[in-house]
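Each chain gets a letter, A, B and so on, in the order its sequence line appears, and its residues count up from 1. Keep in mind the model is a prediction, meaning the values are calculated, not measured.
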Amino acid sequence: MPMDRGSTRAQGAAPVPPYCDHCGEPAAGGHAACATARELEPPRFCPDCRRRMKVQVVPTGWTATCVEHGTRHG
Amino acid sequence: MPQILDRARARVLDGGAGLDQAEILEILRLPDEDLPELLQLAHDVRMKWCGPEVEVEGIVSLKTGGCPEDCHFCSQSGLFASPVRAVWLDIPSLVKAAEQTAATGASEFCIVAAVRGPDQRLMDQMREGVKAIKEAVDIQVAASLGMLTQEQVDDLVDMGVHRYNHNLETCKSHFPNVVTTHSWEERWSTLTMVRESGMEVCCGGILGMGETIEQRAEFAAQLAELDPHEVPLNFLNPRPGTPFSDRPVVEGKDALRAIAAFRLAMPRTILRYAGGREITLGDLGTREGLLGGINAVIVGNYLTTLGRPATADLELLQDLKMPVKSLSATF
Ligand code: SF4
Ligand SMILES: [Zn+2]
Ligand SMILES: [Zn+2]
């Protein structure tokens with residue numbers, strides 16, 4: 001599941017983060033609709049702690065910041 | 001051929017006058033089999049009265065979220081349980097966004113804030129931001145900051161903002177079902193002040209908010225009465241946590257019919273694809289709309305959601321042999 005798609009973190013072997021970055025619920029279980037929605041939306045919840053992130057969208061990208069876990073880019 | 005298309009050809013294509021509300025309704029009621037002919041007529045009207053150029057714009061949110069208003073479609077209202085958090089963009093990031101927008105070939109950059117109307121802090125940010133953009137980038141600056149006072153209108157003109165966006169969102173009769181914290185008339189009065197200031201008026205709305213077909217025609221006729229320089233046409237993208245989160249998405253064919261109808265109501269306006277086209281129309285529908293009356297696009301991302309990559313739209317325009325309107329052509 002592309003939990004942190006577009007983030008600057010390493011992909012692949014990295015463990016799946018505990019929360020869905022679209023709805024903020026535990027990542028275990030189905031989030032297919034969230035993954036589809038995420039194709040046209042930035043993440044809203046920190047996948048590590050489920051805090052609502054401060055998200056800034058600009059024409060060519062986005063940044064999403066968690067006070068605890070830093071900033072992700074896309 | 002349906003009679004209404006004959007009449008539209010004579011009046012709009014040949015004469016350059018828009019259809020009235022009853023005629024727009026007839027257009028919106030045309031069956032699917034007449035859609036190709038309708039889109040062709042709307043395209044011919046656009047080519048004759050606007051030309052082949054497409055105006056490309058980037059938009060950015062200077063102040064996101066936490067708005068005190070209750071527009072039922074909006075994820076930036078602070079009154080709903082939306083996941084969007086309040087955030088301000090700093091000036092260097094604003095300038096960078098303008099530079100990146102200009103690099104796509106866009107001639108317009110619109111700065112947006114989620115507010116009822118600007119306070120002094122926002123006006124100060126605007127003054128600083130517009131100045132910094134104008135020093136760094138060759139691009140026209142537009143703004144969308146909600147309802148304005150006359151003094152704020154004058155200030156924006158003084159800053160060099162050339163166009164002001166303020167959407168009526170929907171027709172007058174449906175507006176109270178969409179917004180309760182301010183009135184359609186309040187929006188209209190800001191638009192009147194903007195028009196009188198000499199700034200270009202940009203005013204559109206969102207389709208798919210529960211309005212009837214009759215109300216869609218009413219909206220097009222009310223916009224035609226306002227006669228804006230630009231009309232951004234959005235299709236509702238239902239946002240989680242908002243009162244309209246469960247609304248169905250507008251059918252692709254209805255969206256295309258509406259695009260053509262708005263073009264036949266306003267033959268000379270800049271009719272812009274704004275939000276929601278990705279989910280309502282997809283790639284194929286985007287192309288059909290550009291061949292059915294649309295002559296402007298927002299490239300890249302929106303305020304809180306993402307769009308197609310700018311390159312996808314620019315390649316499509318190249319494919320359609322529609323030149324991007326250059327900055328020099330806008331003066
Ligand atoms: S005024 Fe603008 S930002 Fe505020 S809720 Fe309405 S549409 Fe959203
Ligand atoms: Zn989810
Ligand atoms: Zn976190």
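The candidate from B:T64, B:T101, B:L303 with the greatest count of non-hydrogen atom pairs under 4.5 Å with chain A is B:L303. Ranked by heavy-atom pairs under 4.5 Å with chain A, the list B:L89, B:V60, B:I279, B:I298 is led by B:L89.
For residues 238-246 of chain B, heavy-atom neighbours of chain A at less than 4.5 Å comprise B:R239, sorted by residue number. Residues of residues 93-100 of chain B placed with any heavy atom under 4.5 Å of a heavy atom in chain A are listed by number as B:A97, B:Q100.
Of the inter-residue distances, the one linking B:T304 atom OG1 with A:E41 atom CD reads 7.5 Å to the nearest 0.5 angstrom. The line from CG of B:L306 to OG1 of A:T60 is 11.0 Å long, rounded to the nearest 0.5 Å.
Proximity to chain A (any heavy atom under 4.5 Å) is restricted, for B:S82, to the backbone atoms N, CA, C and O. Proximity to chain A is limited to the backbone of B:A86, based on heavy atoms less than 4.5 angstrom apart.
Within the 4.5 Å cutoff, no side-chain heavy atoms of B:V299 are placed close to those of A:P59. The shortest side-chain heavy-atom distance between B:T305 and A:V57 does not fall under the 4.5 Å cut-off.
Counted within 6.0 Å of NZ on B:K134, heavy atoms from surrounding residues, nucleotides or ligands total more than 12; the atom is thus considered enclosed.
In this structure a side-chain-to-backbone donor-acceptor pair under 3.5 Å is present from A:Q56 to B:S61.
A pairwise comparison of heavy atoms in A:R52 and B:P83 identifies CD-O, 3.4 Å as the closest pair.
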Residue pair A:V55, B:R85: steps toward the side-chain contact (heavy atoms from CB on, under 4.5 Å) verdict: CA-CA 7 Å; A:V55 179; B:R85 278 187 66 181; over 6 Å; no

